[in-house]
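Heads up: the structure comes next, in C-alpha cells.
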Amino acid sequence: MNTEILGVILTFILTVVCAIPLGKYIAKVFGGEATFLDAVFNPIEKLFFQISGINPKQEMTWKQHLTALLTINLLWFFWAMFILMNQAWLPWNPDGNPSMSADLAFNTAISFLSNTNLQHYSGESGMSYLGQIACLTLFQFISAGAGMAVCAMVFNAMKERTTDKLGNFYNYFLKSCTRILLPLSLVVALITLFNGTPMNVEGKASFISMQGDTVQVSRGPAAAMIGIKQIGTNGGGYFGVNSAHPLENPNYLTNIVEVGSILLIPIAMVFALGYYLKGKKLAYTIFGVMTLGFLLFLIPSIYLEMNGNTAIERMGITQQLGSMEGKEVRFGSAASAYWGISTTVTSNGSVNAMHDSFTPLTGMFTLLGMMINALYGGVGVGFLNFYVFIIIAVFISGLMVGRTPEFLGKKIEAREMKIATIIALLHPLMILGATALSSFIFVKNPEIGWLNNPSFHGFSEMLYEYTSSAANNGSGFEGLGDNTLWWNISCGIVMVLSRFLPIIGPVAIAGILANKKYIPESAGTLKTDTGTFGLMVFAVIFIVAALSFFPALTLGPIAEFFSL
C-alpha cells in the first residue's frame, strides 16, 4: 500500500520538476528568443512558411487569430471526413477494417479536431493505419498546437500595455507543433517503443495462447500515436481499451511516463506565463489554486479505490488490493485512481482503468474535474478556461472591496464581464441540457437499449458522456451504447460548440483588454498575485462551476453511493 502511494507522489513530483524548465523553454519559444532547437527547426519552419506563402512576422489582431483558427479547422474537417468514410478502399489497411458511416465519421472528425478524442469505435478494429496516422495522429498535433497558439496570443495580450497587434497565429501554431509537441512526443514514443509497444506497418499477428487458442493481435504504428496522445492531452487510444492495453502501456515505467505526460504541458504553461510576463508570483498563485483543486479530488479518490467496494465487502470477499474491478493488476488501485483524476482534470481522456468501474464517489470526482474544466486543463486551453474565472474573480473582488476591477493594468468592465459570464454558463448549459434531453428520450423509449446499467449509474453514464464531450476530454463510462445516430450527432455538436466558443470568449476578452489604456499599479490596485486572491478564484470556481452541477450529481453518483 505504501509503495503504491509513494509511486503516485513520486510521479507528481517528477512531473512538476520537469514542468518548470519546460515552462521557461515554452516562454522563450513564444517570445521569439533563441533556443537549443533553432538549428534543427528554423530551416523546417522557413520551408513551411515559404510553401504556404505566410509571413510569420506579420502581426495579427485577435479577430484575425480567431479567423485563422476556425479556417484551418474547417479545412481539416473535410480531410478527415474523406479518409474516415473511404478507408476501406484506401491504401494502408492490412487488416481490412471497414469505412465509417457518415454519422460516426462526423463524430470522430469533430472529436479529434476539437482535442476531445471521444471514440465511438474500437481503435484497432475501427481504423485503418492510414486513418490512424494521416488523420487521427495528425489531428492530435493540430488540435494541441492550435490550443497552444491561442494561449500564446492571450499571453501576448496580457504582456502588452496598449496594442491591437498580438503576434502571428500561424507562427505560434507551427512552433508549438515543431518546437514543443514533436520533441516531447518523440521521447514518449521511444520509451513506449523500447518497452514493447508496436511500431510497424504489418497486419495482425497470430499466436497460440496458454489455453491453446489461436489469437489474432493487432499491431501497426501505435507508438507514434501514443506519444502525442499523452503529450498533447489528446487521449484517443490506438487500441480500444486505450492505455489499459498491454501493448499501449506495457509496464509501470511506461505508466509513469504516460500519466506524467498528461499533466506536463498544462502545468508547464502556467510556469510559462510567469516567465513570459515576468510575474512568477501570479504563476505560483494560479498553480497553487489548480493544485489545491487537483489534490481535493485525488486524495479521496485514492483512499476510496484502495479501500475497496463496500458492496463486495458485505459479500465477505476480502479486497487486499483495493477495488480492482476494471483495473489492471500491473498498476493497482492507487495508480489507476491517480490516472483517472489526472486525465479528467485535463482534457486528456486516456485511461489505464475503466472509469465505469470506479467506486461511485471516485466517479463523481472524475466528473467534477471535467465539469470545472480549469484545473490544469488542456494544453493552452486549460489556462484560457482559468482566465475566465480570473476575470470574474477580479470583478467580484473589486466590488466587494470598493476598488475598480483591474487585471494587469486594465479595467474589467461590463463588456468583458458579459463575455466571461456567457462562457462560464455555456459549459453547464451544454452538459445539463443535452443530458436532460437524452434522459427524456430514454425514458420515453427504453427499448432503444442505450444503457447496460440501470437506475443511478445509468444516468451517470449519460451525464459522463456529455460532460466528457463538453470538456473536450474523451473518456467515457463505457456501459453506454454510444455508437448510434443520436449519440454520434449530439456529442459531435456538443464537442464543436464546447471547443470553439470557450476559445473565442477568452481570446475576445484578452484582445479587448490589450487595446485599453494601461493604468499603472497604485495603492488602490487589487493584488492578483496573492494567496488571498487565489482563494477568491477558487471560491468562484467552486460556486460557478461545481455547484451548477450538484443537482445532476445527486441523481447520479451521490445517489448510487447511498444506495450501496
Go through the structure and list residues passing side-chain hydrogen bond (donor to acceptor under 3.5 Å, both in side chains) with Asn352, not counting sequence neighbours. Asn255
Are the aromatic rings of Tyr376 and Phe386 close, with centres under 6.0 Å apart? no
Could you tell me if the side chain of Leu304 sits less than 4.5 Å from the side chain of Phe365, heavy atoms only? yes
Crowding at OH, Tyr252 (>12 non-hydrogen neighbours, <6.0 Å): yes
Ignoring hydrogens and geometry, is there a side-chain-to-backbone donor-acceptor pair from His427 to Met370 under 3.5 Å? yes
Is there side-chain contact between Phe112 and Cys135, with at least one heavy-atom pair below 4.5 Å? no
Checking the side chain of Ser498 only, and the main-chain atoms of Ala471 only, is there a donor and an acceptor separated by less than 3.5 Å? no
Is there side-chain contact between Pro502 and Val381, with at least one heavy-atom pair below 4.5 Å? no
Do Ile441 and Trp450 have side chains that approach each other closer than 4.5 Å (heavy atoms only, starting at C-beta)? yes
Is there a donor-acceptor contact under 3.5 Å from the side chain of Ser111 to the main chain of Leu118? yes
Any side-chain heavy-atom pair of Phe139 and Phe77 under 4.5 Å: no
Kindly determine whether Ile512 and Ile419 satisfy side chain to side chain contact (heavy atoms under 4.5 Å, CB included), including the steps that lead there. CA-CA 11 Å; Ile512 293 168; Ile419 297 172; 4.0 Å; yes
Any chance you could lay out the side chain to side chain contact (heavy atoms under 4.5 Å, CB included) test for Cys151 and Tyr172, step after step, and finish with the verdict? CA-CA 9 Å; Cys151 188; Tyr172 291 144; over 6 Å; no
Would you check if the side chain of Thr343 reaches a backbone N or O of Gly349 as a donor-acceptor pair within less than 3.5 Å? yes
Does any N or O in the side chain of Asn473 come within less than 3.5 Å of the main-chain N or O of Thr346, such that one atom is a donor and the other an acceptor? yes
As a quick check of understanding, evaluate ring pair (Phe, Tyr, Trp, His ring centres under 6.0 Å) for Phe456 and Phe561, giving each step before the final call. CA-CA 9 Å; Phe456 309 122; Phe561 170 75; over 10 Å; no
Atom pair CD1/CG of Ile9 and Leu14 - distance to nearest 0.5 Å: 12.0 Å
Reported OG-to-CE distance for the pair Ser439 and Met462, which is rounded to 0.5 angstrom: 3.5 Å
Counting only N and O atoms by type, is there a donor-acceptor contact under 3.5 Å from the side chain of Thr554 to the main-chain atoms of Pro551? yes
How long is the straight-line distance from CG of Leu298 back to CD1 of Ile341, given to the nearest 0.5 Å? 6.5 Å
Can the ring centroids of His245 and Tyr238 be said to lie less than 6.0 angstrom from one another? no
Ser243 and Asn249: side-chain donor and acceptor closer than 3.5 Å? no
May I have all residue pairs that pass salt bridge (charged side-chain N to carboxylate O under 4.0 Å, His left out) and include part of residues 229-246, sequence neighbours excluded? Lys229-Glu248
What's the shortest heavy-atom distance between Pro446 and Val443, and which atoms? CD-O, 3.5 Å
Taking C-beta and beyond as the side chain, do Ser468 and Phe477 meet within less than 4.5 Å on heavy atoms? no
Are the side chain of Glu416 and the backbone N or O of Ile509 linked by a donor-acceptor pair below 3.5 Å? no
With no hydrogens and no angle check, is any side-chain donor or acceptor of Asn385 less than 3.5 Å from a backbone partner on Asn373? yes
Are side-chain N/O atoms of Thr359 and Thr362 paired as donor and acceptor at under 3.5 Å? yes
Please assess Asp356 against Glu461 for the test side chain to side chain contact (heavy atoms under 4.5 Å, CB included), listing each intermediate value before the final yes or no. CA-CA 8 Å; Asp356 199 36; Glu461 288 174 350; 3.5 Å; yes
Counting only heavy atoms not in Trp79, do more than 12 sit closer than 6.0 Å to its CH2 atom? no
So, for Pro557 and Leu367, which heavy atoms are closest and what is the spacing to 0.1 Å? CG-CD1, 4.1 Å
Could you report the tightest heavy-atom contact between Trp487 and Gly481, atom names first, then the distance? CD1-O, 3.8 Å
Starting at OG1 of Thr484, measure out to CD1 of Ile448 and round the result to the nearest 0.5 Å. 7.5 Å
I'd like to know if the side chain of Glu328 and the backbone of Ala353 have a donor-acceptor N/O pair within less than 3.5 Å. no
Please report the C-alpha distance between Phe389 and Phe538 in whole Å, then the side-chain angles of each, then the deciding distance to 0.1 Å, and finally whether the ring pair (Phe, Tyr, Trp, His ring centres under 6.0 Å) criterion is met. CA-CA 9 Å; Phe389 288 116; Phe538 185 85; over 10 Å; no
Interatomic distance, Met430 atom CE to Ser469 atom OG [nearest 0.5 angstrom]: 9.5 Å
Can you check whether Lys327 reaches Phe358 side chain to side chain, under 4.5 Å on heavy atoms? yes
Testing the 3.5 Å rule here: is there a donor-acceptor pair between the side chains of Tyr466 and Ser438? yes
Mind checking whether Gln132 and Met225 have side chains closer than 4.5 Å, heavy atoms only? yes
Of all heavy-atom pairs linking Asn242 and Gly235, the shortest is ND2-O, 2.9 Å
Check whether Thr233 reaches the backbone of Val379 with its side chain - one donor and one acceptor, N or O, closer than 3.5 Å. yes
Say you draw a straight line from CZ of Phe459 to CD of Glu560; how long is it, rounded to the nearest 0.5 Å? 12.0 Å
Trp486 vs Cys491, side chain to side chain contact (heavy atoms under 4.5 Å, CB included): CA-CA, chis, key distance, verdict: CA-CA 8 Å; Trp486 169 256; Cys491 287; over 6 Å; no
Which heavy-atom pair separates Ser176 from Ala149 by the least distance, and what is that distance? OG-N, 4.1 Å
Could you pull out the closest heavy-atom pair between Asn73 and Leu113, with the gap in Å? O-CD1, 3.4 Å
